[in-house]
Amino acid sequence: MMTKVAAPIFVLSGPSGSGKSTLLKKLFAEYPDTFGFSISHTTRQPRQGEENGKDYHFVSKDVMTKEVEEGKFIESATFSGNMGDPGTSIKAVQDVVEKGQVCILDIDMQGVQSVKKTELKPRYIFIQPPSLETLEQRLRGRKTENEDAILKRLAASKQEFEYAKQPNAYDRIIVNDDLNKAYAELKNAIFDESN
Ligand SMILES: Nc1ncnc2c1ncn2[C@@H]1O[C@H](COP(=O)(O)OP(=O)(O)OP(=O)(O)O)[C@@H](O)[C@H]1O
């Protein structure tokens, strides 16, 4: 059976720790050929075995700065230091679609606002944790950030909640309480049953 998707590009957003990677991991495991990853640009040197145009688009700082200024990139506030490097260009997303694959962008609220200014017309999905308390428990349980980083993420999550409440911010809001239920809802949002 052919699986029809509701759109060629999806944006998955939500507070850090809301479960985006967990859900995407399940999705890519179940549908290994449907989705493609956009190739990011970076100004760092290639490591051994890395190929230009395959692992990354390796570019100079000058080129990257110029293209960011020209609005060719999706801008987001990364928690991991280097603003926008690696970064996702609009063309890199379009390249995935041209290859016949579905592109899913896992980005923060700032990224969502940035994508909305481009010609990309994705479906916007918000992954919402059941509550701030649960989000905190999950972030702490993940044991990947120190206290400072956890507090930064919790503070940012409040803005993410506020933004998601605005009408038309997202096409679909999925509350990630029970993982399997949230996953079923995600598939429902991605695969168009009416086709
Ligand atoms: N439905 C769920 N029930 C219980 N735990 C969950 C659920 N979904 C995710 N988790 C756990 O919560 C933690 C955060 O999930 P995950 O890393 O997927 O979040 P994320 O949104 O990708 O975060 P980041 O934006 O920081 O990458 C992980 O330890 C994950 O195993």
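One-based numbering, in listed order, for ligands and for the atoms of each.
Taking atom 8 (N) of ligand 1 as the reference point, the nearest protein heavy-atom neighbour is N176 ND2, 3.0 Å. Regarding atom 30 (C) of ligand 1, its nearest protein heavy-atom neighbour is T22 OG1, 3.6 Å. Shortest contact from atom 23 (O) of ligand 1 to any protein heavy atom: G17 N, 2.9 Å. Of the protein's non-hydrogen atoms, the one nearest atom 25 (O) of ligand 1 is K20 NZ, 2.8 Å. The protein heavy atom nearest to atom 28 (C) of ligand 1 is R142 CD, 3.9 Å. With respect to atom 10 (N) of ligand 1, the closest heavy atom belonging to the protein is R138 CD, 3.9 Å. In terms of protein heavy-atom proximity, atom 27 (O) of ligand 1 is nearest to S21 OG, 3.6 Å.
Side-chain contact annotation: T43 with D85, donor-acceptor N/O pair under 3.5 Å present. Side-chain contact annotation: Y183 with E30, donor-acceptor N/O pair under 3.5 Å present. For the residue pair R44 / T42, no side-chain donor-acceptor distance below 3.5 Å is found, with atom types taken as modelled.
Between F35 and F10, the ring center distance fails the sub-6.0 Å criterion. Aromatic rings of F58 and H41 (six-membered ring for Trp) have centroids beyond the 6.0 Å cut-off, not under it.
Polar contact check, G19 against ligand 1: a nitrogen or oxygen pair lies under 3.5 Å apart. Considering backbone and side-chain N/O of D178, none are found under 3.5 Å from N/O of ligand 1. Checking only distances, S18 does come within under 3.5 Å of ligand 1, N or O to N or O.
Looking at V97 and V102, their side chains never come closer than 4.5 Å, going by heavy atoms from C-beta outward.
S16 pairs in a side chain to side chain donor-acceptor pair (under 3.5 Å) with only one of the listed residues (R153, E145, E160), which is R153.
Residue contacts with ligand 1: D177 is included, with a non-hydrogen atom under 4.0 Å away.
Less than 4.0 angstrom separates some heavy atom of P15 from each of these atoms of ligand 1: 21 (O). The distance from ligand 1 to the heavy atoms of S16 drops below 4.0 Å at these ligand atoms: 23 (O), 24 (P), 25 (O), 26 (O).
Y124 carries K116 over the face of its six-membered ring, with the cationic atom under 6.0 Å from the centre and within 45° of the normal.
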Practice task
Take K66 and E69 through the test salt bridge (Lys or Arg N to Asp or Glu O under 4.0 Å) and record every step on the way to the result.
Solution key: CA-CA 5 Å; K66 185 171 163 279; E69 279 170 10; over 6 Å; no

